[in-house]
Amino acid sequence: MRGFLASSTGVTCAAALALPLAPPAAAATSSAPPATSPTARPEAHAPGGTQSLRLTPLARDRAPGAAEQGLRRQNVRQFSLVGVVWDSPATELHGRVQVRTRATATGTWSGWQELETHNADHAADPGTPESASGRIRGATAPLWVGESDGVEVRVRAENAPGTARSAPAAAPLPTGLHLELVDPGEAAPPPTNRARSEAEPSVLPARPAPPARAARQRAEPHVGSRPAITTRRGWGADEKLREKGFVYTKKVKTAFVHHSATGNNYRCSQAPSVIRSIYRYHVNSTGWRDLGYNFLVDKCGNIYEGRAGGVSKPVLGAHTLGFNANSMGIAVLGTYSSKKPSPAALKAIARLTAWKVGLYGMNPRGKTYLKSGGGNLYRKGRKVRLNVISGHRDGFATNCPGTQLYAKLDSARSKAAAYQGR
């Protein structure tokens, strides 16, 4: 995707750069499609699901890749999160994507809302099995809209930033444009087996760091206390959606901070639903093996387990294209380009990183080196010096984690170091 360093267009945090093409096998959508949406594909997963509606030309130009595509207002089954996907993740969408939705509770229509289109900065590294699965699709960032049952969308092609005004008409839109309407469903009921319930708690309680022996304090890494973490079971992850098994890297040397770019119109009590929706979008709509982030934080400071594999382990994510190895990704739910993050969210970032990078001997105020897997800032194989707590834009030319959140990372570094006793 284009980075804000190269143009004025902001880049957000969410999709994939990989080989095309076929729609994800797991992206079959929910049961019977509405009568007004003959292109909706049924999905077998319940509760929750994804309606996938094919976009069609809105103007006289009916050719594939027409410069204006969308859907007129129509009734659909209930959903809470929207996004647009297309066939090839290697194809950029140069243009604007706007949606408006009808609230289920009131029947009122929202104004037009923008979806971030330049999204290839969150993804598995090039050449990895996840990126080369053949199931990956191009995608906008998803947007949380709350419970809705009506939708309208328009996608308009525009020339890429930097294109001369005298250039010919805008490039065609990507092929295979679909609108994804995600219903997060209800949280899974607790297991009836008592032993299983005890082995898989909904929340890992905060745990103090073990006391350091005075004689060994200087030689041993500082480790902050583990904060309370809502597990995947706690936020209601449907484990049948993701690929089986886990993939690990060697260690965690850097924490990349992101914003989810899903908007700020959510209550903290809705955060599990937002995460379930992002999870479905990442797996069913874009074709990733699991949720891309290792952890998520809401604006009330609650911390959630992301990609499966164990909160203390170096789980390989799909969050920072080119730098997923030996790192972790933390996404703050919301959009922080102009809105400031809450003090509670910043405290959660500091507590989480003090613990997790401390397990691997890292100083939150320090710097380290990571080898690039390839991206738009650093060529593949280059060793790059990064902050132990970095923003997404430090590894990729992007607006993520938003100007306001990025400006607070120095404070998070200092607080994390203090939590480690430094």
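For the single chain, residues carry numbers from 1 onward in sequence order. All values reported here derive from a predicted model rather than from experimental measurement.
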*Asks:* For Arg154, give me all partners under side-chain hydrogen bond (donor to acceptor under 3.5 Å, both in side chains), at least two apart in sequence or on another chain.
*Replies:* Gln98
*Asks:* Can you name the residues that form a side-chain hydrogen bond (donor to acceptor under 3.5 Å, both in side chains) with Tyr336, not counting sequence neighbours?
*Replies:* none
*Asks:* Who are the side chain to side chain contact (heavy atoms under 4.5 Å, CB included) partners of Arg102, not counting sequence neighbours?
*Replies:* Asn75, Trp109, Asp149
*Asks:* List the residues meeting ring-ring contact (aromatic ring centres under 6.0 Å, His included) with Phe79, not counting sequence neighbours, and say none if there are none.
*Replies:* none
*Asks:* Nearest 0.5 Å, please: how far is CG in Asn284 from OG1 in Thr50?
*Replies:* 5.0 Å
*Asks:* Applying side chain to side chain contact (heavy atoms under 4.5 Å, CB included), name anything that partners Ser80, two or more places apart in sequence or on another chain.
*Replies:* Trp144, Glu147, Pro184
*Asks:* Would you indicate whether Asn265, at its atom CG, is surrounded by more than 12 heavy atoms from other residues, nucleotides or ligands within a distance under 6.0 Å?
*Replies:* no
*Asks:* For a quick check under 3.5 Å, do Thr335 and Ser337 share a side-chain donor-acceptor pair by atom type?
*Replies:* no
*Asks:* Does one side chain, of His258 or Thr320, offer a donor that lies under 3.5 Å from an acceptor on the other?
*Replies:* yes
*Asks:* Would you say Arg233 and Ser202 are linked by a side-chain donor-acceptor pair, where the criterion is simply a distance under 3.5 Å?
*Replies:* yes
*Asks:* For the CD1 atom of Ile275 and the CG atom of Leu81, what is their distance to the nearest 0.5 Å?
*Replies:* 12.0 Å
*Asks:* Arg72: what forms a side-chain hydrogen bond (donor to acceptor under 3.5 Å, both in side chains) with it, not counting sequence neighbours?
*Replies:* none
*Asks:* Could you check whether Arg280 and Ser277, counting side-chain N and O atoms only, form a donor-acceptor pair closer than 3.5 Å?
*Replies:* no
*Asks:* Is the shortest side-chain N to carboxylate O distance from Glu116 to Arg96 below 4.0 Å?
*Replies:* no
*Asks:* Going by the salt bridge (Lys or Arg N to Asp or Glu O under 4.0 Å) test, which pairs reach into residues 247-275, not counting sequence neighbours?
*Replies:* none
*Asks:* Looking at Arg207, I'd like to know if its CZ atom is crowded, meaning that more than 12 non-hydrogen atoms belonging to other residues, nucleotides or ligands lie closer than 6.0 Å.
*Replies:* no
*Asks:* Could you tell me the separation between the NZ atom of Lys356 and the CE atom of Met328, rounded to the nearest 0.5 Å?
*Replies:* 6.0 Å
*Asks:* Within this structure, what is the CZ-NE2 distance for the pair Phe295 and His319, rounded to the nearest 0.5 Å?
*Replies:* 10.5 Å
*Asks:* Checking Trp235 now: which residues fulfil ring-ring contact (aromatic ring centres under 6.0 Å, His included) with it, not counting sequence neighbours?
*Replies:* Tyr279
*Asks:* Quick one: disulfide bond (SG atoms under 2.5 Å apart) pairs with a partner in residues 231-293, sequence neighbours left out?
*Replies:* Cys268-Cys300
*Asks:* Evaluate Leu241 against Asp238 for side chain to side chain contact (heavy atoms under 4.5 Å, CB included), listing each step before the verdict.
*Replies:* CA-CA 6 Å; Leu241 298 182; Asp238 182 350; 4.0 Å; yes
*Asks:* Name the atoms and distances for all side-chain donor-acceptor pairs under 3.5 Å in residues 303-314, with sequence neighbours left out.
*Replies:*
| from | atom 1 | to | atom 2 | distance (Å) |
| --- | --- | --- | --- | --- |
| Tyr304 | OH | Asp298 | OD2 | 2.7 |
| Glu305 | OE1 | Arg232 | N | 3.1 |
| Arg307 | NE | Leu291 | O | 2.7 |
| Arg307 | NH1 | Glu130 | OE1 | 2.9 |
| Arg307 | NH1 | Leu316 | O | 3.3 |
| Arg307 | NH2 | Glu130 | OE2 | 3.0 |
| Arg307 | NH2 | Asp290 | O | 3.2 |
| Arg307 | NH2 | Leu291 | O | 3.3 |

*Asks:* Looking at Thr101 and Gly150, would you say the former's side chain and the latter's main chain have a donor-acceptor pair under 3.5 Å?
*Replies:* no
*Asks:* What residues, two or more places apart in sequence or in another chain, satisfy side-chain hydrogen bond (donor to acceptor under 3.5 Å, both in side chains) together with Thr249?
*Replies:* Asn326
*Asks:* Sequence neighbours left out, what pairs pass side-chain hydrogen bond (donor to acceptor under 3.5 Å, both in side chains) with at least one residue falling in residues 401-411?
*Replies:* Asp394-Tyr406, Asp410-Arg413
